[in-house]
Asker: 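A single structure is presented below for examination.
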Number of protein chains: 2
Amino acid sequence: MPYEDEVYGCPADVGLQMISGKWKPRILYELFQGTRRFGELQRAIPDVSRHVLTVHLRELEHGGIVSRTVYAEVPPKVEYTMTEYGRSFEPVLEALVHLGEAYIASRKDEHES
Amino acid sequence: MPYEDEVYGCPADVGLQMISGKWKPRILYELFQGTRRFGELQRAIPDVSRHVLTVHLRELEHGGIVSRTVYAEVPPKVEYTMTEYGRSFEPVLEALVHLGEAYIASRKDEHES
DNA sequence: CGGGATCCAGTAAGATACTG
DNA sequence: CAGTATCTTACTGGATCCCG
């Protein structure tokens with residue numbers, strides 16, 4: 001299904017899929033604050049497995065949201081940094097946080113009523 | 001896993017899951033433009049099956065994004081309308097469209113280079 | 001240290017048939 | 001018209017083991 005610029009939904013899906021993934025919002029939150037090494041991300045997000053963290057970072061890299069820098073050292077060192085394009089997702093994620101909080105708050109109100 | 005307001009990722013996930021689903025962006029696009037009947041949505045988005053359309057609409061309704069109105073007529077008539085809360089997702093979806101288009105444009109540039 | 005390869009479970013989505 | 005029920009398939013994420 002190639003891109004049709006007359007269809008609204010397709011480009012929205014493209015943008016959505018880039019940040020869709022169980023741990024991507026948390027990964028992005030870390031990287032919005034600065035460059036992180038693989039192990040730092042693992043410690044910051046303890047519930048994600050190495051495998052899934054690797055897969056998500058590869059997807060973010062492929063989408064041009066983060067850049068991956070490998071240092072040819074022993075032991076290996078890999079750093080992940082937000083690209084300029086990736087930073088343009090920050091307001092979107094912030095908006096989703098607010099909307100998610102609004103939903104949570106409304107559900108709590110219902111429950112207490 | 002209950003809500004912890006110190007964790008950034010959780011509320012972002014809540015907001016994200018509300019608009020995540022293969023056809024939700026297109027459904028929302030239709031409903032941003034006005035109230036639609038079930039059949040109108042089906043004709044506007046021909047590739048979605050009745051089943052999946054029903055499931056997605058139920059999820060949107062449960063999330064408080066759309067409201068569902070059933071008219072006790074024969075033949076049956078059901079209308080879906082964006083709620084005020086749902087309208088607050090419009091700028092987010094628009095931003096995702098722009099970011100998706102930017103990605104598509106960058107990939108095209110690569111391909112032509 | 002930062003992965004890759006493989007296998008498995010859970011969920012989302014498509015196809016089809018039936019209903020008030 | 002607007003669903004529901006059931007089955008099947010595809011994809012996502014988790015667990016484990018191996019590698020430069």
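Here is how names work: the chains are called A, B, and so on, in the same order as the sequence lines, proteins then strands, and each is numbered from 1. Computation of the quantities below employed the complete heavy-atom set of this structure, encompassing side-chain atoms and omitting hydrogens, waters and symmetry-equivalent molecules. All values reported here derive from a predicted model rather than from experimental measurement.
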Asker: Heavy-atom distance under 4.5 Å between the side chains of B:Glu61 and B:Leu57, does that happen here?
Answerer: no
Asker: For B:Ser49, which contact category applies under a 4.0 Å heavy-atom criterion: base, sugar-phosphate, or nothing?
Answerer: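 Since no nucleic acid heavy atom lies under 4.0 Å of B:Ser49, the category is nothing.
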Asker: Whole angstrom is fine here: how far is it from CZ in A:Phe38 over to C1' in C:dG4?
Answerer: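 So the CZ-C1' distance, A:Phe38 to C:dG4, works out to 11 Å.
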Asker: For atom CD of A:Glu84, decide whether the heavy atoms of other residues, nucleotides or ligands shown that lie under 6.0 angstrom number more than 12.
Answerer: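 Count not over threshold, so no.
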Asker: Tell me whether the side-chain N/O atoms of A:Trp23 come closer than 4.0 Å to OP1 or OP2 in D:dG14.
Answerer: yes
Asker: Spell out yes or no: do the side chain of B:His51 and the base of C:dA13 have one donor N/O and one acceptor N/O closer than 3.5 Å?
Answerer: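 It does not, because no donor-acceptor pair links the side chain of B:His51 to the base of C:dA13 below 3.5 Å.
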Asker: Measure the distance from CD on A:Gln42 to C1' on D:dA15 and round it to the nearest whole Å.
Answerer: 14 Å
Asker: Tell me: CG of A:Leu57 to P of C:dG2, nearest whole Å?
Answerer: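 Those two atoms, CG and P, are 11 Å apart.
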Asker: Does a salt bridge link A:Glu59 with A:Lys24, judged by any charged N lying under 4.0 Å from a carboxylate O?
Answerer: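 Result for this pair is yes, salt bridge flagged.
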Asker: Would you jot down, in residue-number order, the residues of residues 60-80 of chain B having a non-hydrogen atom under 4.0 Å from DNA chain C?
Answerer: B:Pro76
Asker: Is the distance from OP1 or OP2 of D:dA2 to the nearest side-chain N or O of B:Arg37 less than 4.0 Å?
Answerer: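 Answer is yes, contact under 4.0 Å.
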Asker: Check the distance between D:dG3's C1' and B:Glu40's CD and give it to me in whole angstrom.
Answerer: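 Value for this atom pair: 16 Å.
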Asker: Could you tell me whether the side chains of B:Tyr80 and B:Arg68 share a donor-acceptor contact shorter than 3.5 Å?
Answerer: yes
Asker: Would you say B:Met82 and B:Ile65 make side-chain contact, with heavy atoms under 4.5 Å?
Answerer: yes
Asker: Tell me: CZ of B:Arg58 to C1' of C:dA12, nearest whole Å?
Answerer: 17 Å
Asker: By nearest nucleotide on DNA chain D, pick out whichever of A:Ser20 and A:Arg50 is the more 5' one.
Answerer: A:Ser20
Asker: Is B:Glu79 salt-bridged to B:Arg37, cutoff N-O under 4.0 Å?
Answerer: no
Asker: Of A:Val55 and B:Gly21, whose closest DNA chain C nucleotide lies nearer the 5' terminus?
Answerer: A:Val55
Asker: Find the distance B:Ile27:CD1 to C:dA12:P and express it as a whole number of Å.
Answerer: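 It works out to 15 Å between those atoms.
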Asker: Tell me whether the OP1 or OP2 atom of D:dC11 has a side-chain N or O from B:Lys22 closer than 4.0 Å.
Answerer: no
Asker: Quickly work out the B:Gln17 CD to C:dG10 P distance and round it to whole Å.
Answerer: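 B:Gln17 atom CD is separated from C:dG10 atom P by 18 Å.
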Asker: Take atom CG of A:Leu53 and atom C1' of D:dG13, then tell me their distance rounded to the nearest Å.
Answerer: 13 Å
Asker: What I'd like to find out is whether the side chain of B:Leu53 reaches to under 4.5 Å of the side chain of B:Phe38, using heavy atoms alone.
Answerer: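 SC-SC contact between B:Leu53 and B:Phe38 confirmed.
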Asker: Would you say a side-chain N or O of A:His56 is under 4.0 Å from OP1 or OP2 of D:dG13?
Answerer: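 Checking A:His56 against D:dG13: at least one side-chain N or O falls below 4.0 Å of OP1 or OP2.
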